[in-house]
Visitor: 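Have a look at the structure that comes next, please.
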Amino acid sequence: MKIEDVKALVDLVSERNIAELELEEAGVKLKIRKAISGSHAPATSVVIGSDESSAASKSPKASPSTAAPSPSSQDGLAYVLSPMVGTFYRQPEPGADPFAREGDHVAKGQVLCIIEAMKLMNEIESEYHGELVQVLAENGQPVQFGDRLFAIREM
């Protein structure tokens with residue numbers, strides 16, 4: 001799937017007032033969600049994942065759309081990796097509480113942060129259930145594909 005295709009789908013969601021769109025094509029999963037009016041969440045969020053990384057998360061990989069090296073290491077922690085290049089944000093808007101803090105218990109599928117890429121706010125969800133041990137990225141700073149964002153002790 002090309003970025004132009006993703007942009008066209010985001011435009012379609014906005015134009016047709018569609019709340020949420022999920023699409024799977026050639027092993028790539030795309031989920032576009034429009035925020036409810038008056039919400040403090042981003043206007044549109046896009047989450048892209050692949051079957052390979054989802055299946056590999058059991059062996060273990062981290063982020064929904066990454067094919068980076070195994071995030072688990074000898075320290076017994078699982079790492080959520082950045083699935084894209086962009087700007088890392090811990091909270092939905094300036095001044096708001098972060099999505100998750102060190103010491104919090106996080107659930108699989110829980111939003112941990114937002115990465116802004118090409119003017120789109122992308123919610124990054126946890127692939128693990130456990131304790132958030134460490135936030136490894138700085139709020140408002142650029143991240144690269146495969147950068148470690150969070151360390152989680154699985155439960």
Visitor: Would you compute the distance between atom SG of Cys113 and atom CE of Met121 and round it to the nearest 0.5 angstrom?
Guide: 12.0 Å
Visitor: Decide yes or no for Lys108 and Glu125: does some side-chain heavy atom of the first lie under 4.5 Å from some side-chain heavy atom of the second?
Guide: no
Visitor: Applying side chain to side chain contact (heavy atoms under 4.5 Å, CB included) to Glu131 and Glu154, what does each step give before you reach the verdict?
Guide: CA-CA 7 Å; Glu131 178 187 359; Glu154 288 188 275; over 6 Å; no
Visitor: If you round to the nearest 0.5 Å, how far is CG of Asp104 from CZ of Phe150?
Guide: 10.5 Å
Visitor: Could you state the interatomic distance from OH (Tyr89) to CD1 (Ile124), rounded to the nearest 0.5 Å?
Guide: 13.5 Å
Visitor: Look only at the side chain of Glu102 and the backbone of Val135, and say whether a donor-acceptor pair between them is shorter than 3.5 Å.
Guide: yes
Visitor: Take Phe99 and Ile114 through the side chain to side chain contact (heavy atoms under 4.5 Å, CB included) test and state the conclusion after the steps.
Guide: CA-CA 9 Å; Phe99 289 107; Ile114 293 174; 3.6 Å; yes
Visitor: Go through the steps to decide whether Ile152 and Leu112 satisfy the test side chain to side chain contact (heavy atoms under 4.5 Å, CB included), and finish with yes or no.
Guide: CA-CA 11 Å; Ile152 297 175; Leu112 297 176; 4.2 Å; yes
Visitor: Please round to the nearest 0.5 Å and tell me the distance separating atom CD of Gln144 and atom CG of Leu81.
Guide: 13.0 Å
Visitor: Mind listing the closest non-hydrogen atom pair of Ile115 and Gly86 along with its distance?
Guide: CG2-CA, 3.7 Å
Visitor: Measure across Gly140 and Thr87 and return the closest heavy-atom pair with its distance rounded to 0.1 Å.
Guide: O-CG2, 3.5 Å
Visitor: Can you list the residues that meet the side chain to side chain contact (heavy atoms under 4.5 Å, CB included) rule with Gln141, with sequence neighbours excluded?
Guide: Glu138
Visitor: Would you compute the distance between atom CZ of Arg153 and atom NE2 of His129 and round it to the nearest 0.5 angstrom?
Guide: 13.5 Å
Visitor: Would you name the heavy atoms of Asp97 and Pro92 that are closest together and state the gap between them?
Guide: O-CD, 3.6 Å
Visitor: Check Ser126 against Ala107 and note the closest heavy-atom contact, atom names and distance.
Guide: CB-O, 3.6 Å
Visitor: Could you pull out all residues at least two apart from Ala117 that satisfy side chain to side chain contact (heavy atoms under 4.5 Å, CB included)?
Guide: Met84, Asn122
Visitor: Considering non-hydrogen atoms only, spot the tightest contact between Val106 and Gln110 and give its length.
Guide: CA-OE1, 3.2 Å
Visitor: With sequence neighbours left out, what residues match Pro98 under side chain to side chain contact (heavy atoms under 4.5 Å, CB included)?
Guide: Arg90, Arg101
